[in-house]
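Heads up, the thing below is written out as structure tokens.
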Amino acid sequence: MRRVIRAVSLALLAVCLTASAAFAMEIKLGIVTTPGSAQYIVAEKFKELVEERSKGDITVSIFHSASLGNETEILQQIQMNAVNMGVITLGPFDAFVPEVKVVNFPFLFKSYDHVSKILDGPLGKEVLKDIEKAGFKGLAFSENGFRNLSNNVRPVHSVEDVDGLKIRVMESALHKELWRVLGANPTPMGWPIYSELEQGVIDGQENPVSVIKVFKLYEVQKYLSLTGHVYSAHIDVANLGWFNGLDPEVQKMLSDSMYEAAVNERNWNRENEAGFLAELEKEGMIIDKNPDKASFRAKAVELKNMELFTKDPSTAALLDKFL
Ligand code: PAF
């Protein structure tokens, strides 16, 4: 009898182990930034929620600090499903899906409340759907915040002061064209850029205050102008084919977890922004808190009539809906 019980128990154990082994899954998630950054906060929360909700059957491995290359390279790896997911700044997406650049149109959003209303609503959903054309499943928007200009040459109050500055921009046609129109000499480059700023290869860059704080750019940049020219979102993505191949319940759990992780990070950014700014000031940055935004806006709106937005009809149509 004992032998029978032992044999049955062993058989049951084997069934259980096979079942859990069959279900076990590792999700590889790539980000370009380091622990403490906005992207990392999204990734970390997502990992915590997924591992808790799947009771450990699904594990999330976070590849950070550009260990997989820059954001364009991470997107290519997600397209090939060498990496399953990523939290990627919206800028580099426009090389894959031209329509998304609409979200980066200068001075499009008035406030964070305005951002949440639009990006959590039907227009945001339309953008997330658009990226499926390039093989990405868009799960949520998280953020860096509003981008501001820093440089080492002179204080920038109005757009005339930008003249000739060599500004690093994201690998994005929109960002390159924007800074050309504003009078700078734009230099597209992947992240990170600390040593280029330190060595004077570029005079300046533009990023939200959280990025300037987390990456200690105050050590290599003297002047900061709160231009708030572009709202900088991340799109939290997965490989479309991989995602669609998952059990619908798992898909829902991953979508819900990513949305919650994104909202948690947006709150973190918004609650801490004033504190980050105070720290930049304490570190010695010379900050223009009230630059002449109207002078920037007047030039930036010219983009609307440029090929970048007029050539592709679906991009033009989407911009009309946003404006
Ligand atoms: O400037 C960039 O490339 C991005 O804003 C960054 C720093 C990677 C954060 O998303």
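Both backbone and side-chain heavy atoms feed into the values below; hydrogens, waters and symmetry mates do not. First listed ligand is number 1; within each ligand, the first listed atom is number 1.
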Would one find an N or O of [X], backbone or side chain, under 3.5 Å from an N or O of ligand 1?
| X | answer |
| --- | --- |
| Asn207 | yes |
| His234 | no |
| Asn144 | yes |
| Arg168 | yes |

Run the numbers for me: atoms of ligand 1, each under 4.0 Å from some heavy atom of [X], listed by number.
| X | answer |
| --- | --- |
| Gln39 | 9 (C), 10 (O) |
| Val32 | 8 (C) |
| Val211 | 7 (C) |

CA sep, side-chain torsions, deciding dist, call: Tyr40, His64, ring-ring contact (aromatic ring centres under 6.0 Å, His included): CA-CA 8 Å; Tyr40 196 87; His64 57 83; 5.4 Å; yes
More than 12 heavy atoms of other groups within 6.0 Å of Lys47 NZ: yes
So Tyr112 and Phe146, would you call those rings parallel, tilted or perpendicular, with 30° and 60° as cut-offs? tilted
Do Ser150 and Gln205 have side-chain N/O donor and acceptor atoms under 3.5 Å apart? yes
What is the closest protein heavy atom to atom 10 (O) of ligand 1, and at what distance does it sit? Thr89 OG1, 2.6 Å
Using modelled atom types only, decide if a donor and an acceptor are shared between the side chain of Asp57 and the backbone of Ala24 within a distance under 3.5 Å. no
Below a 4.0 angstrom heavy-atom separation, can you tell me which part of Arg147, side chain or backbone, both or neither, approaches ligand 1? side chain
Can Ile88 and His234 be said to form a side chain to side chain contact (heavy atoms under 4.5 Å, CB included), step by step? CA-CA 5 Å; Ile88 311 289; His234 321 131; 5.9 Å; no
At what distance, to the nearest 0.5 angstrom, does CG of Leu280 lie from CD1 of Ile287? 5.5 Å
